[in-house]
Student: 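Below are the structure tokens for one structure; questions will follow.
Values in this document were obtained by computation on a predicted structure and should not be read as measured data. In listed order, ligands and their atoms are each counted from 1.
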Amino acid sequence: MQQVRRKLVAGNWKMHGYPALVAELVPNVVAATQNLNMDVLFIPPYTSLAAVSEQVKNTHCFVGAQSVSEYPEGAYTGEVSTRMLLDLGCKFTLVGHSERRSIFGESNADVAAKFLAAKQAGIEPILCVGETLQQRESGDTEQCIDRQLQAVVDVLDSIGGADGLNGAIVAYEPVWAIGTGRTASAEQAQAVHAFIRDEIAELNSDIAEELKILYGGSVNESNAGELFAQKDIDGGLIGGSSLKADSFSAICQAAS
Ligand code: 13P
């Protein structure tokens, strides 16, 4: 079948990004990517969402959040709701980034609840999945990913079953490749992406064919081209290299 998926490159700034970075980086990337045949997404911390949103208004770029509350409103100190994100122009939110899972203790069930809350609000969740080094070395990569996907599938009933995955995005980020400079090889990444697509195809083959699956973990301008050339890799989720306009723009270029 003809590949129909448009590539997406998303920059996850993590806990970086003061006004100076927004003012310097965003207009540079917008200008450098405006003629490319792909989509660009900035994922700054909550405190920079309004400023980035303003900068990307009337451009081809999007803004998204790094996480979201599963609760709609109320006494949840420190949380940010889907409605607040919508007010700031967010079209996307990460859910289940490995740092949220490992440092802040988010379980598969917590991540699934966030996925559901985002979907119900009209924000596309980017579900992050990935195995630890220990899981990879003991041959448990597929079981780990399967558990992470299944937790989300289990909550989809209230939004039309597998249809609830329509428009959502999965990001495969092997934990051992995040921030380590040790990226998965193109073959390793492609194998897991194909596995994810096959798992979703068991629920609905059309949705699986359209599902964007991003790769994340030490992507830079040197390795992006080979990764993005893989059949089931539909773009990237970029950490460190998304904080430099030249590097991030070059990675976007590699996706177009
Ligand atoms: P690095 O690109 O810095 O490895 O981070 C990847 C990541 O966690 C993006 O969400």
Side-chain angles (χ1 to χ4, degrees), residues 7-17 21 25-26 29 38-46 48-49 52 61-68 85 90-106 111 114-115 118 123-133 135-136 141 144-145 148-149 168-186 188-189 192-193 196 212-228 230 233-255:
K7 290 221 175 7
L8 170 68
V9 173
N12 174 13
W13 296 8
K14 309 193 179 187
M15 202 169 73
H16 301 283
L21 182 78
L25 182 123
V26 178
V29 172
M38 44 79 67
D39 290 323
V40 181
L41 171 63
F42 295 101
I43 310 181
Y46 291 130
S48 293
L49 283 173
V52 175
C61 299
F62 300 96
V63 64
Q66 297 179 10
S67 188
V68 69
L85 295 186
C90 289
K91 299 266 189 295
F92 299 90
T93 183
L94 300 181
V95 294
H97 189 280
S98 75
E99 288 147 19
R100 300 290 330 159
R101 294 176 187 266
S102 66
I103 304 172
F104 300 101
E106 289 185 10
V111 174
K114 287 167 185 267
F115 184 103
I123 297 175
E124 290 303 348
I126 301 175
L127 170 66
C128 302
V129 298
E131 81 286 3
T132 62
L133 186 58
Q135 287 168 323
R136 173 158 285 264
T141 298
C144 164
I145 308 269
Q148 292 171 332
L149 291 175
I169 295 171
V170 174
Y172 169 56
E173 298 203 300
V175 176
W176 48 272
I178 295 177
T180 58
R182 179 183 169 190
T183 189
S185 69
Q188 284 173 321
V192 177
H193 282 232
I196 293 169
K212 279 195 223 289
I213 309 176
L214 311 182
Y215 170 78
S218 296
V219 178
N220 57 40
E221 60 264 62
S222 309
N223 58 29
E226 191 188 357
L227 287 160
F228 298 166
Q230 304 304 307
I233 300 185
D234 307 310
L237 181 55
I238 321 299
S241 296
S242 74
L243 297 170
K244 288 165 273 167
D246 289 354
S247 305
F248 191 56
S249 301
I251 293 168
C252 292
Q253 178 85 49

Student: Ignoring hydrogens and geometry, is there a side-chain-to-backbone donor-acceptor pair from S98 to V175 under 3.5 Å?
Tutor: no
Student: Between the candidates G181, S242, G130, G179, which shows the shortest non-hydrogen contact distance to atom 4 (O) of ligand 1?
Tutor: G179
Student: With a cut-off of 4.0 Å, which atoms of ligand 1 are near a heavy atom of A177?
Tutor: 4 (O)
Student: Fit a plane to each ring of F42 and F248, take the angle between them on a 0 to 90° scale, and name the class: parallel (under 30°), tilted (30 to 60°) or perpendicular (over 60°).
Tutor: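 Taking F248 first and then F42, their aromatic rings sit tilted (interplane angle of 30° to 60°).
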Student: Got the closest protein heavy atom to atom 2 (O) of ligand 1, with its distance?
Tutor: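 Scanning the protein heavy atoms, the shortest distance from atom 2 (O) of ligand 1 goes to G239 N, 2.9 Å.
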Student: Suppose I only count heavy atoms of E173 and a 4.0 Å limit; which atoms of ligand 1 are within that range?
Tutor: 6 (C), 7 (C), 8 (O), 9 (C), 10 (O)
Student: Going by the atom numbers of ligand 1, which of them fall below 4.0 Å from some non-hydrogen atom of G217?
Tutor: 4 (O), 6 (C)
Student: Mark up the atoms of ligand 1 that fall under 4.0 Å of a heavy atom belonging to K14, in ascending order.
Tutor: 5 (O), 6 (C), 7 (C), 8 (O)
Student: To the nearest 0.5 Å, how far apart are CG in L94 and CG in L41?
Tutor: 8.0 Å
Student: What pairs with R100 under salt bridge (Lys or Arg N to Asp or Glu O under 4.0 Å), at least two apart in sequence or on another chain?
Tutor: E106
Student: Run W13 and V52 through side chain to side chain contact (heavy atoms under 4.5 Å, CB included) and show every step you take.
Tutor: CA-CA 12 Å; W13 296 8; V52 175; 4.1 Å; yes
Student: Applying a heavy-atom cut-off of 4.0 Å, say which part of L237 lies close to ligand 1: side chain, backbone, both or neither.
Tutor: both
Student: Mind listing the side-chain donor-acceptor pairs of residues 123-133 below 3.5 Å, one per line with the distance, residues two or more places apart or on another chain?
Tutor:
residue	atom	partner	partner atom	Å
E124	OE1	K119	NZ	2.8
E124	OE1	A168	N	3.3
E124	OE2	K119	NZ	3.3
E131	OE1	Y172	OH	2.9
E131	OE2	R136	NE	2.8
E131	OE2	R136	NH2	3.3
E131	OE2	Y172	OH	3.0
E131	OE2	W176	NE1	2.9
T132	OG1	Q135	N	3.1
T132	OG1	Q135	OE1	3.3

Student: K14 and G239: which non-hydrogen atoms are nearest, and at how many Å?
Tutor: CE-CA, 4.4 Å
Student: Non-hydrogen atoms of S241 versus ligand 1: any pair closer than 4.0 Å?
Tutor: no
Student: Could an N or O of ligand 1 be found under 3.5 Å from any N or O of N12, whether backbone or side chain?
Tutor: yes
Student: Side chain or backbone, does E99 bring an N or O within less than 3.5 Å of an N or O on ligand 1?
Tutor: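 By distance alone, the answer is no.
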Student: Which ligand 1 atoms, with their elements, are less than 4.0 angstrom from a heavy-atom of G240?
Tutor: 1 (P), 2 (O), 3 (O)
Student: I'd like to know if G216 contacts ligand 1, where contact means a heavy-atom distance under 4.0 Å to any ligand atom.
Tutor: no
Student: So which heavy atom on P44 is nearest to which on V63, and how close?
Tutor: CD-CG2, 4.0 Å
